[in-house]
Amino acid sequence: MSVIVLLEIERGVREVLTHVKENHVNQIRGLCGAPEEPVCMGMDEPLNKLKIELMKDGVSVLFLTGLGGSGKNHSCQEALSTNPLIKDKFGGNIFFVTFSKTPNVSYIVQRLFEQCGHGLQVPDFQSNEDAINQLGHLLSQFERSKILLVLDDVWPGSENLVEKFKFQLPDYKILVTSRVGFRRFDTLCQLGALDHHSAWTLFRHFAQLNHNSSFMPDKNLVDVIVTACKGLPLALEVISGTLRNQPFETWQNMKERLTCQSILESNRKDLLCLQQSFDISEDIDKECFMDMGLFPEDQRIPVTVLIDMWAAMAIVHDSITRNLIDVIATRKVATGTDTYYNNHYVMQHDLLRDLAIHQSKGEPFEQRKRMIIDLNGDTRPDWWIGLIVANWMRKHTNNKLDV
Ligand SMILES: Nc1ncnc2c1ncn2[C@@H]1O[C@H](COP(=O)(O)OP(=O)(O)OP(=O)(O)O)[C@@H](O)[C@H]1O
Ligand SMILES: [Mg+2]
């Protein structure tokens, strides 16, 4: 998978919300002259249900669920940005925030204040409860009462927190997206796998298969690869992007990898399927890809940071750095004068981040180039405490101790 493919796979909901708010433009461009986002393929039924529910009056919590990479964000984007009735109903009052596995309440409310506070300074919150109360108060003062709050990537265990955002306002919807189902919410829209026809169309689109292609794989070969992606849009996008403009041997290699027994038997078929793209990538791309796993989940990564990091580590050849810069230069946020990429950001898909972390963990602990630790609360792994003690000892014994 090239860095380019990786960077193309970014999530656009925030962009859409900005568009909805600014009330202009109906097209979101991809990166790098990448194929523009195709319309939402094969999701008519859940999307229609979602649109109908959003148009109803009153307070409700809608729930959009589906596997990782099944298109939850993509379909939100589609529902919120293309339907004139929904745009009319909510106007600029659509707010988006990511929960992730361990939601930080005051961070979440701060982000929401920034979006809906119309330039108001974000207040200091005394407690999580105070933060949520102040948000409720702010929303209740809105002149236009129809409000939609999108809580993205909610994990089991956060249901009570979602309930706290259920303010009693005249016409207020919360749209929760999650990979797993919760029973307690009002309405469920479930995304399944794409049917073969939609999967084929999506694959063809991202692989840029047309009569100008240098190599045109035969239908059977494409069929096998598309089938192996199991109708998962992210897998279709990554695998097709990897095969774009590649010779027959690469296609054949991918087919063999995707149909081998270990994938079929794995319980993480999604990751293993994406891993095939990783495995056939050049070493330099692998390094860059794994570096992306070092960044926090669901947060924007400043492009300048990537460029500085890769340039400093000299892992990226100058021509590739330039290529990367060109990719990012086509970002919508680019301004004509911003030649240093100060205003450019990328976001990586969380499944791709999972894959990068999974790859890093494949190496023996002592040989890992990257240290990625899942910290939860105040608990620290034993080796971490050992390291801190060793450093302390070294400092206080003038390096005389050999710990
Ligand atoms: N129906 C679709 N048509 C075209 N492209 C799609 C479709 N669904 C998803 N995609 C593309 O697949 C990729 C993954 O989709 P998306 O980020 O929406 O998944 P997700 O369900 O939100 O995943 P996660 O649970 O990991 O957050 C995106 O790049 C998106 O553009
Ligand atoms: Mg998502």
Side-chain angles (χ1 to χ4, degrees), residues 1 5-6 8-13 30 34-51 63-79 82 152-153 177-181 188-209 217-244 251 253-280 349-355 358:
M1 178 181 344
V5 172
L6 171 71
E8 282 169 8
I9 300 167
E10 55 97 47
R11 301 207 258 162
V13 171
E36 280 171 17
E37 295 266 338
V39 281
C40 221
M41 296 296 309
M43 292 181 173
D44 293 349
E45 206 184 305
L47 265 182
N48 285 338
K49 186 171 176 190
L50 185 62
K51 287 172 188 168
F63 192 62
L64 180 64
T65 179
L67 292 174
S70 60
K72 297 180 290 296
N73 286 69
H74 191 80
S75 41
C76 277
Q77 175 176 340
E78 174 73 13
T82 58
D152 186 37
D153 198 18
T177 79
S178 176
R179 288 185 191 168
V180 270
L188 180 74
C189 304
Q190 200 155 10
L191 297 181
L194 294 184
D195 61 53
H196 192 69
H197 173 73
S198 305
W200 231 94
T201 314
L202 194 60
F203 186 91
R204 202 186 153 85
H205 171 85
F206 281 110
Q208 294 183 352
L209 288 181
D218 70 50
K219 184 174 175 310
N220 286 344
L221 180 55
V222 179
D223 257 346
V224 174
I225 295 177
V226 169
T227 306
C229 292
K230 307 265 183 243
L232 191 72
L234 182 67
L236 289 158
E237 191 174 341
V238 171
I239 302 282
S240 57
T242 308
L243 294 174
R244 194 185 305 154
W251 283 78
N253 182 4
M254 183 61 90
K255 173 184 151 183
E256 281 158 19
R257 286 167 162 276
L258 287 173
T259 49
C260 81
Q261 207 53 25
S262 65
I263 289 202
L264 300 176
E265 283 167 2
S266 163
N267 57 357
R268 284 305 309 261
K269 291 192 187 70
D270 51 352
L271 275 198
L272 261 178
C273 185
L274 298 173
Q275 189 179 329
Q276 307 317 308
S277 279
F278 176 84
D279 286 347
I280 66 167
H349 197 279
D350 39 12
L351 263 188
L352 294 174
R353 181 174 178 272
D354 286 354
L355 176 63
H358 179 76

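This is a predicted model, so every value here is computed, not measured.
Here the closest heavy-atom approach between residue G42 and residue L194 is recorded as O-CD2, 4.1 Å. In plain terms, the two heavy atoms of L64 and C76 that are nearest each other are CD2-SG, 3.9 Å. Residue F63 comes nearest to V180 through the heavy atom pair CZ-O, 3.2 Å, listed as atom of the first residue, atom of the second, then distance. Closest of all the heavy-atom pairs between S70 and P233 is O-CG, 3.5 Å. The shortest heavy-atom contact between A199 and V226 is CB-CG1, 3.7 Å. Here the shortest heavy-atom pairing between A228 and C273 reads O-SG, 4.2 Å.
Here the side chains of L202 and E237 are not in contact, with every heavy-atom distance at 4.5 Å or above. For the pair R179 and K72, the minimum side-chain heavy-atom distance is below 4.5 Å. Side-chain contact between S240 and R204 is absent, with no heavy atoms from C-beta onward closer than 4.5 Å. Within the 4.5 Å cutoff, the side chain of L50 has no heavy atoms near those of the S75 side chain. Taking 4.5 Å as the limit, every side-chain heavy atom of Q77 sits out of range of all side-chain heavy atoms of T82. In this structure, D354 and H358 have side chains that are not in contact, with every pair of non-hydrogen atoms separated by 4.5 Å or more. Inter-residue side-chain proximity for I280 and R257 is flagged as met; some heavy-atom pair is nearer than 4.5 Å. In this structure the side chain of W200 reaches within 4.5 angstrom of the side chain of K219, judged on heavy atoms.
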- prompt: Can F206 and V238 be said to form a side chain to side chain contact (heavy atoms under 4.5 Å, CB included), step by step?
  reply: CA-CA 8 Å; F206 281 110; V238 171; over 6 Å; no
- request: Start with the C-alpha distance between T242 and F278, add both sets of side-chain angles, then the distance that settles side chain to side chain contact (heavy atoms under 4.5 Å, CB included), and finish with yes or no.
  value: CA-CA 9 Å; T242 308; F278 176 84; over 6 Å; no
message: Under the criterion side chain to side chain contact (heavy atoms under 4.5 Å, CB included), I'd like the reasoning laid out for L274 against H349: C-alpha separation, chi angles, the key distance, then a yes or no.
response: CA-CA 12 Å; L274 298 173; H349 197 279; over 6 Å; no
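From I239, atom CD1 reaches atom CZ of R244 across 13.0 Å, with rounding to the nearest 0.5 Å. To the nearest 0.5 Å, atoms NE2 (H205) and CE (M41) are separated by 10.0 Å. Separation of atoms CG (D279) and CE (M254) is listed at 9.0 Å; rounding is to 0.5 Å. Atom NZ of K51 and atom CD of E78 lie 5.5 Å apart (nearest 0.5 Å).
Counting heavy atoms of neighbouring residues, nucleotides and ligands inside a 6.0 Å radius, atom NE2 of H196 exceeds 12 of them.
Put simply, the side chain of S178 never gets that close to the backbone of T65: no donor and acceptor are under 3.5 Å apart.
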